[in-house]
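Nothing here was measured: the structure is a model prediction, and the numbers come from that model. Sequence lines set the chain letters: A, B, ... in the order given, protein chains first and strands last, and positions in each chain run from 1.
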Amino acid sequence: MPELPEVETICWRLREGGQGEAPLRGRVITDVALADPGVVDGDSAAFVDGLRGARVQDIRRRAKWIIIDVDDRGGRRRRVLVHLKMTGDLHVRAGDERPRFERFAWELDDGARLCFTDPRRFGHVELLAADDDVEARFTALGPEPLDETFTARALRARLTGRRPIKASLLDQAVVAGVGNIYADESLWLARLHPTTPTNALSDDEVVRLHHGIRRALRESIAQSREALAWRYENRAAPSPFRVYDRAGGPCLRCGTTLSTTTVAGRTTVFCPRCQPPP
DNA sequence: CACGAGACCTGTTCGC
DNA sequence: TGCGAACAGGTCTCGT
């Protein structure tokens, strides 16, 4: 499921606790339960052994990656990278719970467990070597769209080629963390048709797109509880999204029926009136 | 080189 | 109600 706002919210939830969960920071991993060794990149035995006795120091996000800093039982700083891909989730559960689709879990010193669940098994986890440079893993990623340094000018500089603008938004080297949902949300806010050639955007359109990306992501993080509840628990609740999953319904701005098309192989929803073809 | 299609997996939803 | 087909938020790899 997760794009930048959902991954950000999961990191926040793990860091701060809440919703019945205790904060993960400071917990010691007493054991590792590996229900599906296939989710571990690299040596799965080293993953289990390297984390046993480790203490969690921090949980961070870069693009759609979750980075967990731990100090292993020898006191060395190690990093765990988790990518949730389409259907992964990471959450703290009571010690006696065994969630459906659990792939691995860390048994914690307070009796709880950090569970990684993923029905589709696209997600992966990796324990980096002690001397591995985390940042080096992410050099191909574009800027964080919510950073102060991500300006309209910075966006413009990366918008090259004549592929559809939606394909560019899905490219993690252009903007890190945007996926199919927030690409559609951003383009609707910017009133841009998803197939507009990237290099045909005017300066004004780039400014609108820059604004749309940041607004869509910021507002989703702010409403993250709703978004998560909608995603995971209650599809009957009102959709927190402006166009995603609303095909066939009315545009929230002009009432025109929202259309779908396929761009870059992905289902794409847009308003044919607010977002006229290029 | 740039771009799109296919592959990776499996659960859920849709249509007959 | 049952069953197969279509579809799903991401990212790599490969072929054109």
So does A/H83 get a side-chain nitrogen or oxygen closer than 4.0 Å to the phosphate oxygens (OP1/OP2) of C/dT11? yes

Are a donor atom and an acceptor atom from the side chains of A/T195 and A/K166 found within less than 3.5 Å of each other? no

Starting from C1' on B/dA2, measure out to CZ on A/R162 and report it in whole angstrom. 8 Å

In whole angstrom, what separates A/E126's CD from C/dT11's P? 15 Å

Candidates B/dG4, C/dG10, B/dG11 - which lies nearest the side chain of A/F101: B/dG11

Taking only Lys NZ, Arg NE, NH1 and NH2, and the carboxylate oxygens of Asp or Glu, determine whether A/R73 and A/D49 approach each other closer than 4.0 Å. yes

What is the distance, rounded to the nearest whole Å, between atom OH of A/Y182 and atom P of C/dG10? 11 Å

For A/P164, answer base if it contacts any base atom (sugar-phosphate contacts may also be present), sugar-phosphate if it contacts only those atoms, and nothing otherwise; contact means non-hydrogen atoms under 4.0 Å. sugar-phosphate

The nucleotide from B/dC9, C/dT11, C/dA8 with an atom nearest the side chain of A/Y244 is C/dA8

Starting at CZ of A/F122 and ending at C1' of B/dG6, how long is that distance when rounded to a whole Å? 12 Å

What integer number of Å spans the P atoms of B/dC1 and C/dT11? 24 Å

Is the shortest side-chain N/O distance from A/R266 to OP1 or OP2 of C/dG10 below 4.0 Å? yes

Sticking with atom P, work out how far B/dG11 lies from C/dT1, rounded to a whole angstrom. 23 Å

Quick test of your reading of the model: are A/E102 and A/R113 salt-bridged, counting only N-O distances below 4.0 Å? yes

Under 4.0 Å from OP1 or OP2 of C/dG10: is there any side-chain N or O of A/Q172 that close? no

Of the listed B/dG11, B/dC9, C/dT11, the closest approach to the A/R121 side chain comes from B/dC9

Just the rounded figure in Å: distance from C1' of B/dT13 to CG of A/D245. 12 Å

Can you measure A/L169 atom CG to C/dT11 atom C1' for me and round it to whole angstrom units? 16 Å

How many whole angstroms separate atom CD1 of A/I10 from atom P of C/dG10? 13 Å

So what does A/R120 touch, heavy atoms closer than 4.0 Å: a base, only the sugar-phosphate, or nothing? base

Would you tell me if any nitrogen or oxygen in the side chain of A/K85 comes within less than 4.0 Å of OP1 or OP2 on C/dT11? no

Quote, to the nearest angstrom, the P distance that separates C/dG4 from B/dC8. 22 Å

Would you kindly say whether A/S239 and A/D245 are connected by a side-chain donor-acceptor distance under 3.5 Å? no

Classify the ring geometry between A/F116 and A/F104 as parallel (under 30°), tilted (30 to 60°) or perpendicular (over 60°). parallel

Return the value, rounded to whole Å, for the distance between atom CG of A/D184 and atom P of C/dA8. 11 Å

Donor-acceptor contact below 3.5 Å, side chain A/R76 vs main chain A/R78: no

For A/T267 and A/W65, find the nucleotide of DNA chain C closest to each by heavy atoms; which residue's nucleotide sits nearer the 5' end? A/T267

Among the nucleotides B/dC3, B/dC9, C/dT11, which one has an atom lying closest to any side-chain atom of A/R163? B/dC3

Who pairs with C/dT13 - Watson-Crick or G-U, where each distance is under 3.5 Å: B/dA5

